[in-house]
Amino acid sequence: MRTIERATGEAVAANRDHINENDLYVAYSQIDLSSRPHAKNPFNDDNFNFKVAIVEERKKSSK
C-alpha cells in the first residue's frame with residue numbers, strides 16, 4: 001500500500017493523473033524494507049522473475 005501511495009505522490013508532483021511503472025520504481029526505492037534488505041525492486045525490469053528473486057533474496061539473507 002505504501003508503494004501505491006508514494007507512487008501517487010510522484011505522479012501528482014509530475015502533474016499527471018495516473019501512475020506509471022517509473023513512479024512505482026521510485027516509490028519502492030524510497031520505502032524502508034528493513035525486514036527484507038535484499039528484496040529486489042520488481043519495477044522497470046522486463047525480465048523480473050518473482051521465483052528467482054525470492055531464491056536470490058534468501059541466499060543473500062542467509063549469508
Side-chain angles (χ1 to χ4, degrees):
M1 186 58 112
R2 291 177 294 164
T3 306
I4 298 296
E5 291 171 354
R6 290 206 181 205
T8 301
E10 289 290 321
V12 168
N15 250 354
R16 285 184 275 111
D17 62 354
H18 64 279
I19 61 174
N20 60 33
E21 192 166 5
N22 191 58
D23 297 326
L24 292 166
Y25 178 85
V26 171
Y28 188 91
S29 299
Q30 294 173 347
I31 291 174
D32 177 24
L33 295 172
S34 57
S35 64
R36 293 182 59 206
H38 301 291
K40 185 176 178 185
N41 190 334
F43 302 104
N44 280 350
D45 183 355
D46 291 336
N47 298 317
F48 180 77
N49 182 313
F50 182 73
K51 289 181 182 180
V52 171
I54 291 297
V55 169
E56 289 175 359
E57 180 182 351
R58 287 183 181 156
K59 283 181 184 176
K60 290 178 182 176
S61 295
S62 66
K63 289 183 180 180

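As the structure is a prediction and not an experimental result, all values here were calculated from the model.
Within a 6.0 Å radius of CZ in Phe43, more than 12 heavy atoms belonging to other residues, nucleotides or ligands are found.
Pro37 and Ser35 make their closest contact through CD-C, 3.6 Å (heavy atoms, listed as atom of the first residue, atom of the second, distance).
The side chain to side chain donor-acceptor pair (under 3.5 Å) check on Arg2 picks up nothing, with sequence neighbours excluded. The side chain to side chain donor-acceptor pair (under 3.5 Å) check on Arg36 picks up Glu57, with sequence neighbours excluded. Every residue meeting the side chain to side chain donor-acceptor pair (under 3.5 Å) condition with Ser29, not counting sequence neighbours, appears here in chain and number order: Asn41. For Val55, the side chain to side chain contact (heavy atoms under 4.5 Å, CB included) partners are Lys59, not counting sequence neighbours. Partners of Asn22 according to the side chain to side chain donor-acceptor pair (under 3.5 Å) rule, which considers only residues two or more places apart in sequence or in another chain, are Asn44.
Placement of Leu33 and Leu24 within a single hydrophobic cluster is found when ILVMFWY residues are connected by side-chain heavy-atom separations under 4.5 Å, directly or transitively.
Side-chain atoms of Arg6 and Ile31, non-hydrogen and from C-beta on, do get closer than 4.5 Å to each other. Two residues are said to be in side-chain contact when any heavy atoms from C-beta on lie closer than 4.5 Å; Pro42 and Tyr28 meet this criterion.
Other residues sharing the hydrophobic cluster of Ile54, ordered by chain and number and joined by side-chain separations under 4.5 Å: Phe48, Phe50.
To the nearest 0.5 Å, atom NZ of residue Lys60 and atom NZ of residue Lys40 are 8.0 Å apart. We find the OG1-CD distance between Thr3 and Gln30 to be 10.0 Å, quoted to the nearest 0.5 Å.
Under a 4.0 Å N-O distance rule, the pair Arg16/Asp23 qualifies as a salt bridge.
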